[in-house]
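Worksheet for the structure shown next.
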Amino acid sequence: MSDPDDTLHEVTEVAVIRHLDLGVLLLHSSDRRWHFPDSTLRVGDPWDESLRRAVRSATGIRDLRIGPVLLIQNFGPGEVDERPQFGIFFLCTTHTPDVTGPHRWVQDPAQLERAELFHPLVADLIGQALASRTGVR
C-alpha cells in the first residue's frame, strides 16, 4: 500500500494575464523572481473567486477575465514548493494598464533573455499567451 502523502497535491491556479496593448504581466518578488500571479486553491473556495481575489490583491486588477486553460502541470516535491503541486495555468485578460507592486509587461519573449524567472515554463507560457488569438474578451 502506498503512503497517503504520495498522493496529496496542492492545486495552484496561475493567471497568465494578457493586456491587448501592453503584453503579458509578470510580477517580481525576491523569493520567486519573475512570476505570474497565483492562488492556492482551498477546499470549499470557488476556484474562480480564489484566483480573482489573489490577482486583485497582488496587482489591483479588478476586471480579470479568466479564459481557457493553457497548461496543467504536475510538479514534484521541491520543484516549485516543498510539496507536490498541480499548476493550472489560465489565459486571462485585463484592460487595466496600471498595476500595483513590482511588475513588468512583456511584449516579446526575447525581453526575458536575462530575466531571472521563477520557472522555465514562464517564458513558454508568455509565448503561448502572446500568440493566442482566442483571448478572452
Side-chain angles (χ1 to χ4, degrees):
M1 184 167 220
S2 67
D3 181 354
D5 287 341
D6 290 342
T7 59
L8 296 175
H9 285 69
E10 280 193 350
V11 175
T12 301
E13 307 168 302
V14 183
V16 182
I17 304 171
R18 182 175 162 189
H19 184 284
L20 185 61
D21 298 322
L22 301 175
V24 177
L25 179 65
L26 283 180
L27 304 181
H28 190 270
S29 63
S30 58
D31 61 331
R32 296 181 61 207
R33 300 163 304 264
W34 290 103
H35 61 94
F36 299 116
D38 61 31
S39 173
T40 299
L41 192 56
R42 304 285 180 221
V43 174
D45 199 6
W47 68 271
D48 55 336
E49 290 176 23
S50 174
L51 187 57
R52 282 189 180 89
R53 186 173 46 250
V55 167
R56 188 172 44 251
S57 174
T59 68
I61 291 173
R62 295 187 171 278
D63 68 340
L64 185 75
R65 297 208 183 258
I66 302 172
V69 172
L70 291 172
L71 176 70
I72 298 174
Q73 181 70 38
N74 183 6
F75 298 102
E79 193 171 348
V80 296
D81 190 70
E82 66 222 22
R83 293 170 295 235
Q85 300 255 329
F86 278 113
I88 305 173
F89 297 82
F90 293 93
L91 176 60
C92 301
T93 59
T94 184
H95 295 291
T96 302
D98 299 321
V99 176
T100 60
H103 70 280
R104 71 192 282 189
W105 292 98
V106 179
Q107 294 182 334
D108 184 332
Q111 293 174 295
L112 301 172
E113 188 174 313
R114 292 192 178 99
E116 290 186 66
L117 303 177
F118 177 67
H119 193 278
L121 280 175
V122 170
D124 294 340
L125 288 162
I126 287 174
Q128 285 183 44
L130 290 170
S132 175
R133 301 218 185 275
T134 61
V136 183
R137 306 226 185 269

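The analysis underlying the following values was restricted to heavy atoms, covering all of them including side chains, and did not include hydrogens, waters or symmetry mates.
- Taking OG1 of T94 as the reference point, atom CD1 of I61 lies at 4.0 Å (rounded to 0.5 Å).
- In this structure, the side chain of R18 engages the main chain of A129 through a donor-acceptor pair within 3.5 Å.
- With contacts defined as side-chain heavy-atom distances shorter than 4.5 Å, the pair P97/D21 does not qualify.
- Put simply, the side chain of R33 gets close to the backbone of F118: a donor and an acceptor are under 3.5 Å apart.
- E116 contributes atom CD, which lies 11.0 Å from atom OG of S30 (distance to the nearest 0.5 angstrom).
- With values rounded to the nearest 0.5 angstrom, I126 atom CD1 is found 11.5 Å from I17 atom CD1.
- Interatomic distance, CG of L121 versus CG of L71, reported as 6.0 Å (0.5 Å rounding).
- With rounding to the nearest 0.5 Å, the separation of CD in Q128 from CG in L130 is 10.5 Å.
- Side chains of T96 and D63: a donor-acceptor N/O pair is present below 3.5 angstrom, by distance only.
- Side-chain contact between W34 and V122 is absent, with no heavy-atom pair separated by less than 4.5 Å.
- For the pair I66 and C92, the tightest heavy-atom approach, listed with the atom from each and the gap, is CA-SG, 4.0 Å.
- Every ring pair (Phe, Tyr, Trp, His ring centres under 6.0 Å) that H119 has, sequence neighbours left out, goes to F75.
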Residue pair L64, R56: steps toward the side chain to side chain contact (heavy atoms under 4.5 Å, CB included) verdict: CA-CA 8 Å; L64 185 75; R56 188 172 44 251; over 6 Å; no
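- The ring pair (Phe, Tyr, Trp, His ring centres under 6.0 Å) check on F90 picks up W47, with sequence neighbours excluded.
- Panel note: side chain Q111, backbone Q107; a donor-acceptor pair is recorded below 3.5 Å.
- You'll find the side chain of R53 reaches within 4.5 Å of the side chain of D45, heavy atoms only.
- By the side-chain contact (heavy atoms from CB on, under 4.5 Å) test, H103 is found to be paired with L25, L27, V99, W105, residues two or more places apart in sequence or in another chain being considered.
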Evaluation steps, side chain to side chain contact (heavy atoms under 4.5 Å, CB included), between T93 and L20: CA-CA 8 Å; T93 59; L20 185 61; over 6 Å; no
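- Remark: F86 CZ to Q73 CD distance equals 10.0 Å, nearest 0.5 Å.
- Listed for the T40 side chain is no donor-acceptor partner under 3.5 Å among the backbone atoms of T12.
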